[in-house]
Amino acid sequence: MEYITLGKTGLRVSKMGFGGIPIQRVTAEEAKALLEAVEAAGVNYIDTARGYTVSEELIGQAIEGRRDKFVLATKSMARDREAMAKDIETSLGNLRTDYIDLYQIHNPSVQQLEQVCAPGGALEALLEAKEAGRIGHLGLTAHSLEVFQRALELDWVETVMFPYNIVENQGADLMEQAAEKNVGFIGMKPLAGGAIEDAALALRYIAANPHVSVVIPGMYAPGEVAQNAAAVADAAPLSQEEQDRMEQIRKELGTSFCRRCNYCAPCTVGISIPNAFLFHGYLSRYGLADWARSRYEAMPAKAGDCVECGACEERCPYQLPIREMLKKTAADFGA
């Protein structure tokens, strides 16, 4: 396993990390075996979040007694000081630790990011926890290019997590800027939410980009850990056959895959189109139906509210059939 310095944090982390979304599907005993496989593979970076139901708790139980072997990263959707302070305490308790290496603002909009940074915002609680030694470093996760760009303008942001894979490279220019600013880049959605079936090829593609600090595939079985670690460690140049296969994947997914660039916004009736498709992916490909449904149900406007005006399709740079995709999403969620 290769280890790198995660931007200005100074943390030494494995090139491949552990994505904590799928662990929601396993038992505590299975989680312990999974994290043992993670440690055996040389993986020391663990990603989870307050929003991943039992993920923090399962990880905390699984690594108890060997906390020093891992770099723990979690994140919160809290936007104000009080809610963030509460989430930090919950994360510390769930993870059974007295410090968290990296705490991240989880997927804010531009407006929410302004709230986070304003007086009384979540940043105040994070900075207080950092001053007290309960948090080591601060970062931000995003699906929007606009938020990614804004994050790079904020001095307190030490890492950015953003989708990057064979079909989602819209953040490539900003990834380069992040490297220039010594901001660590954490590549999420390496398999495009499960849409890319060839995990080895997907991970080799990502690992070949020097601007990626760490990639975090979600894993729920020990066998996946060894296979993914081998793919990330394979430094051989991508062959012509592999490049042809990647192009084929892009063509196959190109007309049916949302990159979450958000150029479709604003929706006439207020649907967060990228989020609707994101949750649909969790429902159809991750095997996390209950979690996907709970997140979808929390949306103020749902896919079924679409009035088929077509404005979103005119703005989409990938010419996606958004109206038909929303119909499919609404049918599968029943709303």
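Since the model is a prediction, treat every value here as computed from it, not as a measurement.
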Judged by atom type as modelled, is there a donor-acceptor pair below 3.5 Å linking the side chain of Lys327 to the main-chain atoms of Ala303? no

Counting distance only, does the side-chain N/O of Lys302 pair as donor-acceptor with the main-chain N or O of Glu297 below 3.5 Å?
yes

For Asn228, the side-chain hydrogen bond (donor to acceptor under 3.5 Å, both in side chains) test, sequence neighbours excluded, returns none

Query - Residues Arg150, Glu153: salt bridge by 4.0 Å N-O rule - result: yes

task: Assess whether side chain to side chain contact (heavy atoms under 4.5 Å, CB included) is satisfied between Phe333 and Arg293, documenting all intermediate values.
output: CA-CA 7 Å; Phe333 276 113; Arg293 289 184 185 282; 4.0 Å; yes

Without placing hydrogens or testing angles, list every side-chain donor-acceptor pair under 3.5 Å for residues 168-176, not counting sequence neighbours.
residue: Glu168; atom: OE1; partner: Asn165; partner atom: ND2; Å: 2.7
residue: Glu168; atom: OE1; partner: Arg260; partner atom: NH2; Å: 3.2
residue: Glu168; atom: OE2; partner: Arg260; partner atom: NH2; Å: 3.1
residue: Gln170; atom: NE2; partner: Arg259; partner atom: O; Å: 2.6

Original post:
Can Arg67 be said to sit on top of Tyr99's aromatic six-ring, NZ or CZ under 6.0 Å from centre and within 45° of the ring axis?
Top reply: yes

**Note, Tyr103 side chain near Met84 side chain (heavy atom, < 4.5 Å)** = yes

One should read off an interatomic distance between Glu39 CD and Leu34 CG, to the nearest 0.5 angstrom, of 12.0 Å

The ring-ring contact (aromatic ring centres under 6.0 Å, His included) partners of Phe162 (sequence neighbours excluded) come to Phe148

Applied to residues 210-226, the salt bridge (Lys or Arg N to Asp or Glu O under 4.0 Å) test, sequence neighbours excluded, yields none

In terms of heavy-atom contacts, Ala122 and Ala78 come closest through CB-O, 3.6 Å

On a heavy-atom basis, the closest approach of Ala202 and Pro190 is CB-O, 3.6 Å

From the list Glu241, Met246, Gln243, side-chain contact (heavy atoms from CB on, under 4.5 Å) with Leu201 holds only for Met246

Glu82 atom CD: more than 12 heavy-atom contacts under 6.0 Å:
no

Quiz item: Any side-chain heavy atom of Leu152 sitting closer than 4.5 Å to one from Val157?
Solution: no

Closest non-hydrogen atoms of Gly139 and Trp156, given as atom of the first, atom of the second and distance, are O-CZ3, 4.0 Å

Between Thr9 and Leu11, is there a donor-acceptor pair closer than 3.5 Å when you use the side chain of the first and the backbone of the second? yes

Residues pairing under side-chain hydrogen bond (donor to acceptor under 3.5 Å, both in side chains) where one sits in residues 116-137, two or more places apart or in two chains, turn out to be Arg81-Glu124, Arg81-Glu128, Glu89-Arg134, Lys130-Glu158, His137-Glu158

**Q.** Expected output: side-chain Arg96 to main-chain Ile63 donor-acceptor under 3.5 Å
**A.** no

| task | State whether the side chain of Glu56 and the backbone N or O of Val54 hold a donor-acceptor pair below 3.5 Å, judged by distance alone. | result | no

Separation between CD1 (Ile166) and CD (Gln248), nearest 0.5 Å, reads 11.0 Å

d(Gln61 CD, Leu35 CG) to nearest 0.5 Å is 10.5 Å

Tightest non-hydrogen contact, residues Val147 and Ser109, listed as CG2-C, 3.9 Å

Residue set satisfying side-chain hydrogen bond (donor to acceptor under 3.5 Å, both in side chains) with Asp68, at least two apart, ordered chain then number -> none

By salt bridge (charged side-chain N to carboxylate O under 4.0 Å, His left out), Arg12 pairs with (sequence neighbours left out) none

Arg315 meets the salt bridge (charged side-chain N to carboxylate O under 4.0 Å, His left out) criterion, sequence neighbours left out, with none

Minimal heavy-atom distance between Cys264 and Ile322, with the atoms involved, is CB-CD1, 4.1 Å

Notebook entry, point to check: Is any side-chain heavy atom of Thr159 closer than 4.5 Å to a side-chain heavy atom of Leu102?
Noted result: yes

* To do: Using distance alone, with no hydrogens and no angle criterion, decide if Asp332 and His280 have a side-chain donor and acceptor under 3.5 Å apart.
  => yes

Note: His143 and Pro163 closest approach over all heavy atoms is CD2-CG, 3.7 Å

Applying side-chain hydrogen bond (donor to acceptor under 3.5 Å, both in side chains) to Glu247 and not counting sequence neighbours gives Arg250

- Query: Do the non-hydrogen side-chain atoms of Gln104 and Asp47 ever get within less than 4.5 Å of each other?
  - Reply: yes

Worksheet item: Taking side chain as C-beta onward, heavy atoms only, is Ser272 less than 4.5 Å from Met299?
Response: yes

For the aromatic rings, using the six-membered ring if either is Trp, is the centroid distance between Phe279 and Trp291 under 6.0 Å?
no

Same cluster for Val13 and Val212 if Ile/Leu/Val/Met/Phe/Trp/Tyr side chains link at under 4.5 Å?
no

So, do Glu2 and Ser14 sit near enough that their side-chain heavy atoms are less than 4.5 Å apart? no

OG (Ser213) and CD1 (Ile4) are apart, to the nearest 0.5 Å, by 4.5 Å

Going by distance alone, is a donor N or O of one side chain under 3.5 Å from an acceptor N or O of the other, for Thr48 and Thr74?
no

Regarding Ser76 and Arg50, do their side chains bring together a donor and an acceptor under 3.5 Å, going by distance alone?
no

Quiz: residues 17-33 side-chain donor-acceptor pairs under 3.5 angstrom, not counting sequence neighbours:
residue: Gln24; atom: OE1; partner: Thr53; partner atom: OG1; Å: 2.5
residue: Gln24; atom: NE2; partner: Ile21; partner atom: O; Å: 2.9
residue: Arg25; atom: NH1; partner: Tyr286; partner atom: O; Å: 2.9
residue: Arg25; atom: NH2; partner: Tyr220; partner atom: OH; Å: 3.4
residue: Thr27; atom: OG1; partner: Glu30; partner atom: N; Å: 3.1
residue: Thr27; atom: OG1; partner: Glu30; partner atom: OE1; Å: 3.3
residue: Glu30; atom: OE1; partner: Thr27; partner atom: N; Å: 2.9

For the pair Arg66 (side chain) and Glu64 (backbone), establish whether a donor and an acceptor sit closer than 3.5 Å, ignoring hydrogens and angles.
no

CG of Leu326 to CG of Asp305, rounded to nearest 0.5 Å, is 10.0 Å

Do side-chain atoms of Tyr296 reach the backbone of Ala335 as a donor and acceptor pair under 3.5 angstrom?
yes

Residue set satisfying ring-ring contact (aromatic ring centres under 6.0 Å, His included) with Tyr45, at least two apart, ordered chain then number -> none

State, yes or no, whether a side-chain contact exists between Lys75 and Met161 at a heavy-atom distance under 4.5 Å. yes

From the list Leu126, Leu140, Leu154, Ile105, side-chain contact (heavy atoms from CB on, under 4.5 Å) with Val116 holds only for Ile105

Less than 4.5 Å apart, any side-chain heavy atom of Val214 and any of Met16? no

Glu197 meets the salt bridge (charged side-chain N to carboxylate O under 4.0 Å, His left out) criterion, sequence neighbours left out, with none

dist Lys8:NZ -> Asn182:CG (nearest 0.5 Å) comes out at 7.0 Å

